[in-house]
Participant: 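Before we start, here is the structure in question, set down as structure tokens.
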Amino acid sequence: MKKWFGFCMAIWILFLAYAPIGYATTMTTHDFRDASYDSFYETLNGDWNFIRGELFSPQDMKEEIKLGNSEIVKVPYMLNQHLNMDSDRATYSTTITVPKSFVGRYLKFYIPFQYSSYNLYVNNTLVKENGSLVRNNQDAVQQMKPQIPGFRVDQTALQITFQVISFENVSGGLRKSISIGNEQIIVKKQQQHEFWQVFLIGCITLTACISLLFYAFRRKQKEFLAYGIFCAATSLWVFFTDYYLYTAFLNQLDWSLALRLTFIMPEIVMLFYVGYVSKMFSEAIPKKFITFYNDIMIVIIFFTAFSSTVMYQKLFNIILIFMYVFYLFLLVSVIRKINWHDLTQVITLVGILLVFVGAIHDMIRISAAGNSIHLTFIMLGIFISIQCILFCRKFALQWLQVEQLNKELISLNESLDEKIRIRTKQLEESNEKLRELALLDSLTGVFNRHYLSSSLEKLYKHYTETNIPFAVLILDVDEFKKYNDYYGHILGDQLLKNLVKILTDALPNRAELTRYGGEEFVVLLDATTYGEAFDIAEYMRNAVEKAELEHLGRECKVVTISVGGVALTEAQFTNTTEFFKIADQQLYEAKHAGRNCVRVKNLG
């Protein structure tokens, strides 16, 4: 079945390319007598009188047609359509008939670039010279751009004659369809063509720039580089092909160079197109195949760039066949290994198929008639659009994923912040407890000697700054050693705890009770006069005595305390040690006075 399909395709192409040519002794005619001027727009495809090898004037062409020397060809028609390469020049002629209402009004032709120089006549009037009709190829001047010549209709039957020279251009002749119509419609059609061409170039160029910028910031993703170069090459191909927009910017560019670029650009596009597809389906396409393909394509590009004009044009169709064979292999490799559950790969495969169909269509049409709408451009545009959509979809999904991760991260951060807040509070509470423990006596629970030292310094500093009096009282448990010897240290410790409770209840709120060491305690009294200090000391002594805590190890049989202290009202000292020694001396005097008494000195 496959063999029969290939054989039928080959026969069809040969038939289109080498169909028999008819001869006639009458002028071919295009009848537009029923047309309306306001909507008049027609193509001049169809039968034309054709004479190869000579450039005849319109009048001479009429005579040659009458003599039966003209062929009938279907325009668009290339000079080498039937392998007659012995001549690079020819004359095309036909007649159009228009309504009488057209007489005196203006019409315009739209003539795409024809790979040839030509003179256009309407009846016997030269309407347009495109390039120069010289016999020496070295002196040839071609204008590779579309033309919109106009003329005034002077009769209903109009003979249209083209004198064409292709020089070294194998694709010469009236290769592209020619249109005629109302002046406004022709200009509008041309502007529409140019708009869409510029729009297509702009979109593809913008895509190329964005892809290359992506690669600049994400060097590991080589597909962005391949895709960007592929889009840039496609944009240049469109720029140098069909409507030849480059003439608006590079009007002085040599025609032979411009022609060469129209052949090089599709080769470069195919090179980077396959490169991009191979990056997208790296596991499906053998690396050796890509390396071999790249080497062959580079050789072809260099051959096109540096060989003679006739040589690379003659071999271009063979090169196209080679490229399409490789492309077909590429397509089969992708289909065999594609992951049909991956939407991106499936949609990309659809784009690849569209480009392949467009390329085959153009190759057949150009080989057969030299005229095509360049379906490849359209399919490449669709393919690039598909890739843009896929890229946008990919980045949108990645962005949604990033947003979701950000939300989760924010939630985790908030949870972590709350945990940190709780842990910080617990730590602060623990630190506060540690600070309290560091300043408290472990046995009795009152402040320790370390706290006493810092608090006494602060109290004295406040006294020197404000002259507010304060007092320091030192108390000692009388004959505490005998208590330990009689009751033991455990009950001795319990006695100290009981005494702390009694003293705490007896002291005012502003008082700070600290354990100085052993059975000695110190009371700091802020804003306290001598008289107040003495009364507080006496009250503490009396409270302990009234508690009647048992002490059978001494004569009086109860626990008592002795208190010594000082009250600072006006006296100044260099440091706290000086007046603390005086307070300690007062305690010593209380002990020697018989214990269970108070001695407070006023340091006025």
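What you see is a predicted model; the values in this text were computed from it and never measured.
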Participant: Under 3.5 Å, is there a donor-acceptor pair between the side chain of Arg52 and the main chain of Thr91?
Facilitator: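 Such a contact is absent between Arg52 side chain and Thr91 backbone.
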
Participant: Check the pair Leu107, Ile186 against side-chain contact (heavy atoms from CB on, under 4.5 Å), reporting the backbone distance first and the verdict last.
Facilitator: CA-CA 9 Å; Leu107 296 178; Ile186 290 289; over 6 Å; no

Participant: Phe102 and Phe32: aromatic ring centres closer than 6.0 Å?
Facilitator: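 Not under 6.0 Å, so no.
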
Participant: How far apart are the C-alpha atoms of Phe56 and Thr161, what are their side-chain angles, what is the distance that settles it, and do they pass the side-chain contact (heavy atoms from CB on, under 4.5 Å) test?
Facilitator: CA-CA 9 Å; Phe56 290 106; Thr161 304; over 6 Å; no

Participant: Given the rule in the side-chain contact (heavy atoms from CB on, under 4.5 Å) test, do Tyr121 and Gln59 qualify, once you have shown the distances and angles that lead to the verdict?
Facilitator: CA-CA 11 Å; Tyr121 292 87; Gln59 187 60 41; over 6 Å; no

Participant: Which residues pass the side chain to side chain contact (heavy atoms under 4.5 Å, CB included) test with Ile382, sequence neighbours left out?
Facilitator: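 Expected list: Leu354, Ile378, Met379, Ile386.
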
Participant: Got a sec, which residues hit ring-ring contact (aromatic ring centres under 6.0 Å, His included) with Tyr92, two or more places apart in sequence or on another chain?
Facilitator: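 If we apply the ring-ring contact (aromatic ring centres under 6.0 Å, His included) test to Tyr92, skipping adjacent residues, the hits are Phe50.
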
Participant: Evaluate Tyr110 against Ile180 for side-chain contact (heavy atoms from CB on, under 4.5 Å), listing each step before the verdict.
Facilitator: CA-CA 6 Å; Tyr110 177 73; Ile180 187 172; over 6 Å; no

Participant: Side chains of Ser93 and Gln159: donor-acceptor distance under 3.5 Å anywhere?
Facilitator: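 There is such a pair between these side chains.
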
Participant: Go through the structure and list residues passing side chain to side chain contact (heavy atoms under 4.5 Å, CB included) with Gln184, not counting sequence neighbours.
Facilitator: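 Gln184: side chain to side chain contact (heavy atoms under 4.5 Å, CB included) contacts with Asn182.
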
Participant: I want to check something: taking the side chain as every heavy atom from C-beta on, are Val103 and Gln155 in contact at a cut-off of under 4.5 Å?
Facilitator: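 In short, these two side chains do not touch, never coming nearer than 4.5 Å.
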
Participant: Looking only at heavy atoms, which two atoms of Ile268 and Ala233 are closest? And how far apart?
Facilitator: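 Looking at all heavy atoms of both residues, the shortest contact is CG2-CB, 3.8 Å.
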
Participant: Ignoring hydrogens, what is the shortest heavy-atom contact between Pro149 and Lys128? Give both atom names and the distance.
Facilitator: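 Pro149 and Lys128 have their closest heavy atoms at CB-CB, 3.7 Å.
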
Participant: State, with a plain yes or no, whether a side-chain heavy atom of Leu330 is found less than 4.5 Å away from one of Phe281.
Facilitator: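 They are not in side-chain contact.
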
Participant: Can you tell me how far the CD atom of Glu64 sits from the CD atom of Glu54, to the nearest 0.5 Å?
Facilitator: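 So the gap between those two atoms works out to 8.0 Å.
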
Participant: Asn130 vs Ser117, test: side chain to side chain donor-acceptor pair (under 3.5 Å). Steps then yes/no.
Facilitator: CA-CA 5 Å; Asn130 185 66; Ser117 295; 5.4 Å; no

Participant: Enter the distance from Lys66:NZ to Thr25:OG1 here, rounded to the nearest 0.5 Å.
Facilitator: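 Nearest 0.5 Å value for the NZ-OG1 distance: 10.5 Å.
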
Participant: Write down the atom of Ala157, the atom of Asn123, and the distance for their closest heavy-atom approach.
Facilitator: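 Heavy atoms only, the tightest pair is O-OD1, 3.7 Å.
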
Participant: Are Phe230 and Val269 close enough that some pair of their side-chain heavy atoms sits under 4.5 Å apart?
Facilitator: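 The answer is yes, as the side chains (C-beta and beyond) meet within the 4.5 Å cut-off.
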
Participant: Quick one: CG on Asn119 to CD on Gln163, what's the gap to the nearest 0.5 Å?
Facilitator: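 Result: 5.0 Å between the selected atoms.
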
Participant: In terms of heavy-atom contacts, does CH2 of Trp399 have more than 12 from other residues, nucleotides or ligands at under 6.0 Å?
Facilitator: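 No, not enclosed.
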
Participant: Does either side chain, that of Thr304 or that of Glu267, offer a donor lying less than 3.5 Å from an acceptor on the other one?
Facilitator: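 Distance-only check passes for Thr304 and Glu267.
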
Participant: Can you list everything that forms a ring-ring contact (aromatic ring centres under 6.0 Å, His included) with Phe272? Sequence neighbours excluded, please.
Facilitator: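 In terms of ring-ring contact (aromatic ring centres under 6.0 Å, His included), with neighbours along the sequence ignored, Phe272 is linked to no residue.
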
Participant: Verify the distance criterion only: is there a donor paired with an acceptor across the side chains of Thr94 and Thr28 at less than 3.5 Å?
Facilitator: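 Note: Thr94 and Thr28 side chains meet the donor-acceptor criterion.
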
Participant: Provide the closest heavy-atom pair for Ala208 versus Gly228 in the form atom of the first, atom of the second, distance.
Facilitator: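 What the structure gives for the nearest pair is CB-O, 3.4 Å.
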
Participant: Take Tyr293 and Phe329 through the test ring pair (Phe, Tyr, Trp, His ring centres under 6.0 Å) and record every step on the way to the result.
Facilitator: CA-CA 11 Å; Tyr293 175 83; Phe329 176 79; over 10 Å; no

Participant: Do Lys62 and Met27 have side-chain heavy atoms sitting under 4.5 Å apart?
Facilitator: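 Of all side-chain heavy-atom pairs linking Met27 with Lys62, at least one is under 4.5 Å.
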
Participant: Report yes or no: does Asn49 contribute a side-chain atom to a donor-acceptor pair with the main-chain N or O of Thr26 at less than 3.5 Å?
Facilitator: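 Yes; at least one donor-acceptor contact below 3.5 Å.
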
Participant: So, using side chain to side chain contact (heavy atoms under 4.5 Å, CB included) as the criterion, who are the partners of Ile290 when residues are at least two apart?
Facilitator: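 Once residues adjacent in sequence are excluded, the partners of Ile290 under the side chain to side chain contact (heavy atoms under 4.5 Å, CB included) criterion are Val274, Ser278, Ile285, Asn294.
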
Participant: What residues, two or more places apart in sequence or in another chain, satisfy ring-ring contact (aromatic ring centres under 6.0 Å, His included) together with Tyr41?
Facilitator: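 Residues passing ring-ring contact (aromatic ring centres under 6.0 Å, His included) with Tyr41: none at all.
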
Participant: Considering all heavy atoms of both residues, which atom of Asn124 and which atom of Pro58 are nearest to each other, and what is their separation?
Facilitator: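 Heavy atoms only, the tightest pair is OD1-CB, 3.5 Å.
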
Participant: State the CE-CE distance between Met270 and Met265, to the nearest 0.5 angstrom.
Facilitator: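 Answer rounded to 0.5 Å: 15.5 Å.
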
Participant: Please examine the side chains of Asp295 and Val299, heavy atoms only from C-beta on, and report whether any two atoms are closer than 4.5 Å.
Facilitator: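 Result no, sub-4.5 Å side-chain heavy-atom pair not found.
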
Participant: Can you list every side-chain hydrogen bond (donor to acceptor under 3.5 Å, both in side chains) pair that touches residues 198-213, not counting sequence neighbours?
Facilitator: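 Those involving residues 198-213 are Thr205-Ser235.
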
Participant: Please assess Thr29 against Thr95 for the test side chain to side chain donor-acceptor pair (under 3.5 Å), listing each intermediate value before the final yes or no.
Facilitator: CA-CA 5 Å; Thr29 301; Thr95 298; 5.0 Å; no

Participant: My understanding is that only residues two or more places apart in sequence, or in another chain, count here; which of them pass side chain to side chain contact (heavy atoms under 4.5 Å, CB included) with Thr125?
Facilitator: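 Here no residue qualifies.
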
Participant: Within this structure, what is the CZ-CD1 distance for the pair Phe303 and Ile264, rounded to the nearest 0.5 Å?
Facilitator: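 The CD1 atom of Ile264 is 11.5 Å from CZ of Phe303, to the nearest 0.5 Å.
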
Participant: Which heavy atom of Ala35 sits nearest a heavy atom of Pro99, and at what distance?
Facilitator: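 In terms of heavy atoms, the two residues are closest at O-CG, 3.4 Å.
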
Participant: To the closest 0.5 Å, what do you measure between CD1 (Ile204) and CG (Leu206)?
Facilitator: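 One gets 11.0 Å once the value is rounded to the nearest 0.5 Å.
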
Participant: Of all residues at least two apart in sequence or in a different chain, which pass the ring-ring contact (aromatic ring centres under 6.0 Å, His included) check with Tyr106?
Facilitator: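 Scan of Tyr106 (ring-ring contact (aromatic ring centres under 6.0 Å, His included), adjacent residues dropped) gives none.
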
Participant: Just jot down the salt bridge (Lys or Arg N to Asp or Glu O under 4.0 Å) partners of Lys188, sequence neighbours excluded, or say none.
Facilitator: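 Checked Lys188 against salt bridge (Lys or Arg N to Asp or Glu O under 4.0 Å); zero matches.
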
Participant: Check whether NZ of the Lys or CZ of the Arg Arg175 lies under 6.0 Å from the centre of the six-membered ring of Tyr77 and within 45 degrees of that ring's axis.
Facilitator: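 Here Arg175 fails the 6.0 Å and 45° test against Tyr77.
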
Participant: Hey, does Leu44 have a side-chain heavy atom less than 4.5 Å from the side chain of Val75?
Facilitator: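 Counting from C-beta outward, Val75 and Leu44 never come under 4.5 Å.
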
Participant: Do Val122 and Leu126 touch side chain to side chain, with heavy atoms closer than 4.5 Å?
Facilitator: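 Not in contact.
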
Participant: I'd like to check the salt bridge (Lys or Arg N to Asp or Glu O under 4.0 Å) partners of Asp47; sequence neighbours left out, ordered by chain and number.
Facilitator: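 Partners of Asp47 under the salt bridge (Lys or Arg N to Asp or Glu O under 4.0 Å) test: Lys74.
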
Participant: May I ask you to test the Ile165-Ser116 pair for a side-chain heavy-atom distance under 4.5 Å?
Facilitator: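 A side-chain contact is absent here, since even the closest heavy-atom pair is not under 4.5 Å.
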
Participant: Scan for salt bridge (charged side-chain N to carboxylate O under 4.0 Å, His left out) pairs involving residues 26-41, sequence neighbours excluded, and state none if there are none.
Facilitator: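 Every salt bridge (charged side-chain N to carboxylate O under 4.0 Å, His left out) pair that includes a residue of residues 26-41, provided the two are not neighbours, is Asp31-Arg33.
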
